[in-house]
Chemist: 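Structure provided below as structure tokens; questions to follow.
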Amino acid sequence: MIDLRQLREHPDSFLERLNLRGDYSAPIQQILTLDQQQRQIEVERSQLQARSNEIGKLVGQQIKSAGKDDPAVQALRDEGNQIKAKLSELEPAEKVIKAQLEALALTIPNLPDPATPVGKNEDENVEIKRWGDEYLPSNPDVLPHWEIGERLGILNFERSAKIAQSRFVTLIGAGAALERALIQFMLDRQTAAGYTEISPPFLVNSASLTASGQLPKFAEESFKCDKDDLWLLPTAEVAINSLHRDEILEADSLPLHYCAYTPCFRREAGSYGRDTRGLIRLHQFDKVEMFKFVRPETSEQEHESLLQNAEAILQALHLPYRVITLCTGDLGFSAIKTYDLEVWMPSQAKYREISSCSNCGDFQSRRGNVRFKQAGKKGTQFLHTLNGSGLAVGRTMAAILENYQQPDGSVLLPKALQPYLGRERL
RNA sequence: GGAGAGGUGGCUGAGUGGUCGAAAGCGGCAGAUUGCUAAUCUGUUGUACGGUUUAGGUCGUACCGAGGGUUCGAAUCCCUCCCUCUCCGCCA
């Protein structure tokens, strides 16, 4: 949620930064108008209520001293009724405006951080690092991971479509074990890095999705269970973000670092043509997520260490990757700054996203009303939230199947993973 | 799914129509005092929004699970929903 007070006080600089994402002039103007109307009504309303409260007390006193049939009592009652009549017009009007204001404000994305490069779309993202050139595979005839996977008999798409739909996979034998091993491996690493593991509900309510930013704007992206106001979790970020919703945390308890393995469910609406084969873009995939609740002044630094924690997995698996900083035009809705990790996919001769590490500033904590309080100090502050994949399991599996593919059609397993599977190759 | 009980401030817990934002205790904070790793005493102690102020501040409104209703006036009465607990049923 944007900071309405900040917008009200510095509308020009606010809009200038926001417009680095696209043109939001119209809704912002509307928000400013609604905000002004709302406050105007609020002033009038609270004055009336003050008088009404006063009358309420006076009636009580008058009845005690002069009896309930005293003419003064009737006069006060009349005045009270008049106020009630006025309030019955003001209150609904204010509610409507407030609802419009909130609905609109919820569709405004977060302001990009000054450190986020300015750009229109993904073509203007900035590469900041490459790692693992020495691990680039030398095998020139690498098969795409879905082909090698089906040859090895460890994954099957056709039968998955029979069970569910296209864009689902069934893992078989060593494939299923590999997935489980990767989850275990990643959780082991991230918990060793200080993240507290949680296992949240895989169904979440609308409030949780709104808090993290998926609703109201991206309702089409998630699967909904209509009867229950529950949605299939699109990412563990949603669940962990709501773990402390409507709470006031002790400053001393921060930072809180969590990680979680969950499946993630996404409708992938509007991406019908892309990545139709393989493990890259499925309706259901596994992910180990990292999430931090931190004090505002530390979030930049926490963002860097979050990135390192994600990188550590790729490094441990000896998978070549690069790090890019998303530009303002490609930045996600809730983020102020995002690093993407892209792993090398030999069959496509391209780097493909395998982790996204974002600093969301106080955007999600405003939406979820998560604050912290310094003991002994007055007032509360919104904290900052950060999230990052550590990592997407399906894409990691795809990267392994391609980068570790041998000329004889077998797939070597990364050394770090071998103990988890009790074997050296697939 | 059926029956019952209940949701009050950081916690425990009183409060069933009128100075209740809410007693009391605990905890927290500040001070006093006692020569002993603590006791005692005193004071203080929620959040949000808005008006006003250079600021400290000050004033107002709202909040006793959520949303409606009755009333001059609701934590208190009525309705709907959500959640928790106990028992029964069902079930991994």
Side-chain angles (χ1 to χ4, degrees), chain A residues 1-9 31-106 199-211 225-231 242-254 256 263 362 365-383:
Chain A
M1 178 66 101
I2 52 168
D3 182 352
L4 275 181
R5 202 177 299 169
Q6 187 194 350
L7 170 60
R8 192 189 297 151
E9 284 167 9
I31 286 173
L32 284 167
T33 306
L34 287 167
D35 177 57
Q36 202 182 356
Q37 289 174 350
Q38 188 270 320
R39 277 180 303 142
Q40 201 177 326
I41 295 180
E42 182 174 342
V43 169
E44 196 180 341
R45 194 211 67 220
S46 64
Q47 281 169 355
L48 284 171
Q49 277 173 336
R51 177 59 185 160
S52 173
N53 289 343
E54 201 181 346
I55 290 171
K57 284 174 187 169
L58 288 174
V59 170
Q61 288 170 1
Q62 195 66 20
I63 288 174
K64 246 180 209 167
S65 61
K68 62 178 179 222
D69 297 325
D70 187 71
V73 170
Q74 194 50 49
L76 286 167
R77 280 194 177 147
D78 289 344
E79 192 186 345
N81 274 324
Q82 281 168 23
I83 290 175
K84 216 203 301 195
K86 277 188 209 157
L87 282 174
S88 68
E89 290 171 18
L90 284 181
E91 278 174 350
E94 191 184 358
K95 263 184 200 169
V96 168
I97 289 173
K98 264 194 161 160
Q100 287 175 342
L101 180 61
E102 199 194 327
L104 202 51
L106 284 172
S199 179
F202 297 163
L203 298 186
V204 295
N205 58 34
S206 296
S208 296
L209 280 164
T210 304
C225 311
D226 255 318
K227 283 186 178 170
D228 303 293
D229 182 37
L230 286 170
W231 306 66
S242 278
L243 188 63
H244 295 295
R245 184 143 47 80
D246 293 318
E247 289 183 27
I248 299 175
L249 304 171
E250 280 294 334
D252 291 342
S253 70
L254 300 174
L256 293 171
D362 64 7
S365 67
R366 274 179 197 286
R367 288 178 160 241
N369 193 29
V370 192
R371 293 164 291 165
F372 72 95
K373 185 179 171 63
Q374 184 82 55
K377 276 194 185 169
K378 253 196 125 163
T380 59
Q381 258 189 89
F382 291 108
L383 39 74

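Since this is a predicted model, take the numbers as computed values, not measurements.
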Chemist: CD of A/Gln374 versus P of B/rC29: gap in Å, rounded?
Modeler: 13 Å

Chemist: Return the value, rounded to whole Å, for the distance between atom CD of A/Gln82 and atom C1' of B/rG73.
Modeler: 16 Å

Chemist: Taking A/Glu79 first and then A/Arg51, would you say they form a salt bridge - that is, a charged N and a carboxylate O separated by under 4.0 Å?
Modeler: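 A salt bridge is present here (some side-chain N lies under 4.0 Å from a carboxylate O).
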
Chemist: Heavy atoms from C-beta onward define the side chain here; which of B/rA62, B/rU47, B/rG60 lies closest to that of A/Gln49?
Modeler: B/rA62

Chemist: Using atom CZ of A/Phe382 as one end and atom P of B/rC49 as the other, report the distance to the nearest whole Å.
Modeler: 7 Å

Chemist: Please report the distance, rounded to the nearest Å, between CZ in A/Arg77 and C1' in B/rU70.
Modeler: 14 Å

Chemist: Roughly, in whole Å, what's the span from CZ in A/Phe372 to P in B/rA48?
Modeler: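 About 12 Å, once rounded to whole Å.
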
Chemist: Please determine, for B/rC64, whether a Watson-Crick or G-U wobble partner exists with both distances under 3.5 Å, and give it or none.
Modeler: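 Checking every strand shown, B/rC64 finds no partner, since no pair has both distances under 3.5 Å.
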
Chemist: Can you check the A/Asn53 CG to B/rU19 P distance for me, whole Å?
Modeler: 11 Å

Chemist: Quick one: label A/Val59 by what it contacts on the DNA or RNA (base, sugar-phosphate, nothing), any heavy atom closer than 4.0 Å.
Modeler: base

Chemist: For the side chain to side chain donor-acceptor pair (under 3.5 Å) test, which of A/Gln40, A/Lys98, A/Arg8 pairs with A/Asp35?
Modeler: A/Arg8

Chemist: State whether A/Arg45 places a side-chain N or O below 4.0 Å from either non-bridging phosphate oxygen (OP1 or OP2) of B/rG50.
Modeler: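 Checking A/Arg45 against B/rG50: no side-chain N or O falls below 4.0 Å of OP1 or OP2.
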
Chemist: Taking atom types as modelled, find out whether A/Asp78 and A/Gln74 have a side-chain donor-acceptor pair closer than 3.5 angstrom.
Modeler: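 Indeed, the side chains of A/Asp78 and A/Gln74 share at least one donor-acceptor pair under 3.5 Å.
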
